[in-house]
Amino acid sequence: MNPSSINLLLLFLLHKQDILVYNDLQAGTDLTLHCKSGDDDLGIHVLAYQGNPFEFRFRPHFFAATLFYCSMEWNGAVHWFNIYEFLRDYEKCKRCLWNIKATGPCMLNYSTNKYDICYPWDTTA
């Protein structure tokens, strides 16, 4: 293995991913969030509209299999979304910021400085 490959591997192994989730539903609507991976249950968190985010950090798995999924509930409706998928997100952000809207989650696009990378809700839990 050449030195540049070793350096790249070390950077990957030492890298921590940072995820922040904000409630951008509507004034007066709390978001109940429950995020998990195959290994970790991050617990239930209630986020006030445009209040403090829920934040978590982790080291991605070496074989690109890291996945965190969340249930999101407000006004009696429950939605699901994979808040972190290695193959989708690793190149987009090291600090992934999400605004949760009624239509689906939107990620901060560092190129435009807007939350314009939006996804629909997952149809299965």
Side-chain angles (χ1 to χ4, degrees):
M1 194 178 266
N2 67 41
S4 64
S5 295
I6 292 170
N7 287 341
L8 186 61
L9 179 61
L10 285 173
L11 281 174
F12 178 81
L13 292 174
L14 297 175
H15 166 76
K16 278 196 171 180
Q17 196 74 35
D18 194 18
I19 309 295
L20 288 91
V21 181
Y22 293 88
N23 174 357
D24 196 28
L25 292 168
Q26 66 183 23
T29 302
D30 288 342
L31 171 65
T32 301
L33 181 72
H34 189 185
C35 298
K36 300 178 182 183
S37 73
D39 300 323
D40 299 298
D41 184 334
L42 304 179
I44 297 171
H45 304 270
V46 178
L47 306 180
Y49 173 69
Q50 295 186 342
N52 292 329
F54 170 60
E55 180 176 7
F56 64 99
R57 291 186 181 108
F58 60 93
R59 282 194 173 84
H61 290 117
F62 182 69
F63 294 107
T66 305
L67 171 71
F68 278 89
Y69 56 95
C70 301
S71 67
M72 300 181 204
E73 183 177 352
W74 68 93
N75 295 338
V78 179
H79 299 280
W80 293 88
F81 185 70
N82 292 341
I83 205 73
Y84 183 83
E85 293 180 10
F86 181 89
L87 294 176
R88 181 191 69 201
D89 301 329
Y90 186 76
E91 292 297 321
K92 286 187 182 99
C93 57
K94 304 303 176 237
R95 182 173 169 85
C96 302
L97 282 69
W98 290 93
N99 265 354
I100 304 305
K101 302 173 179 282
T103 55
C106 295
M107 180 191 283
L108 178 65
N109 181 339
Y110 283 94
S111 297
T112 64
N113 205 32
K114 296 180 181 177
Y115 287 87
D116 59 9
I117 303 172
C118 297
Y119 298 92
W121 295 111
D122 293 339
T123 56
T124 57

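Note that this is a predicted model, so its numbers are computed, not measured.
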All heavy atoms of Cys106 vs all of Tyr115, minimum pair found to be O-CD2, 3.4 Å
- Might you work through the side chain to side chain contact (heavy atoms under 4.5 Å, CB included) test for Val21 and His45, ending with a clear yes or no? CA-CA 11 Å; Val21 181; His45 304 270; over 6 Å; no
| message | Do Trp121 and Pro105 make a side-chain contact, defined as non-hydrogen atoms from C-beta onward lying under 4.5 Å apart? | response | yes
Exceeds 12 heavy-atom contacts within 6.0 angstrom, atom NZ of Lys114
no
Here the gap from Asn23 atom CG to Asn52 atom CG, rounded to the nearest 0.5 Å, amounts to 11.5 Å
Query - Electrostatic pair Arg95:Glu55 at N-O distance under 4.0 angstrom - result: yes
Residue pair His34 / Asp41, side-chain heavy-atom distance below 4.5 Å = yes
| Backbone N or O of Leu42 within a donor-acceptor pair of the Asp40 side chain at under 3.5 Å? | no
Residues Gly28 and Tyr49: closest non-hydrogen pair is N-CB, 4.2 Å
Taking every heavy atom of Val78 against every heavy atom of Ser71, the minimum-distance pair comes out as CG1-CB, 4.4 Å
- Message: Could you check whether any side-chain N or O of Gln17 sits under 3.5 Å from a backbone N or O of Cys93, counting only pairs where one atom can act as donor and the other as acceptor?
- Response: yes
* Report yes or no: do Met107 and Leu25 belong to one cluster of Ile/Leu/Val/Met/Phe/Trp/Tyr joined by side chain heavy-atom distances under 4.5 Å? => yes
Tightest non-hydrogen contact, residues Pro53 and Leu20, listed as CG-CD2, 3.8 Å
Margin query: What I'd like to find out is whether the side chain of Leu97 reaches to under 4.5 Å of the side chain of Tyr110, using heavy atoms alone.
Written below: yes
CD1 of Ile117 to SG of Cys96, rounded to nearest 0.5 Å, is 9.0 Å
* Find out whether Ile19 and Trp98 are in side-chain contact, i.e. whether some heavy atom of one side chain is under 4.5 Å from a heavy atom of the other. => yes
(request) Would you sort out whether Gln50 and Asp24 count as a side chain to side chain contact (heavy atoms under 4.5 Å, CB included), showing the intermediate values? (result) CA-CA 6 Å; Gln50 295 186 342; Asp24 196 28; 3.3 Å; yes
Distance col, row Asn75:CG vs Thr32:OG1, nearest 0.5 angstrom, shows 10.0 Å
| Can the ring centres of Tyr84 and Phe58 be said to be less than 6.0 Å apart? | yes
For Ile44, the other hydrophobic cluster members (4.5 Å side-chain criterion, sorted by chain and number) are none
Original post:
Can you check whether Ile83 reaches Phe56 side chain to side chain, under 4.5 Å on heavy atoms?
Top reply: yes
Check whether any side-chain heavy atom of Leu31 lies under 4.5 Å from a side-chain heavy atom of Val46, and answer yes or no.
-> no
Shortest non-hydrogen pair, Ala102 vs Trp74, comes out as CA-CZ2, 3.7 Å
Requested in this report: Please answer: with hydrophobic residues joined when any side-chain heavy atoms are less than 4.5 Å apart, are Phe86 and Phe81 in the same cluster?
Outcome: yes
Interatomic distance, NZ@Lys36 vs CZ@Phe68, rounded to 0.5 Å, equals 12.5 Å
Self-check item: pair Cys70-Phe54: side-chain heavy atoms closer than 4.5 Å
Solution: no
Query raised in the report: So, does Asp122 use its side chain to make a donor-acceptor pair with the main chain of Asn82 at under 3.5 Å?
Result: yes
Interatomic distance, CG@Leu108 vs CG@Asn113, rounded to 0.5 Å, equals 5.5 Å
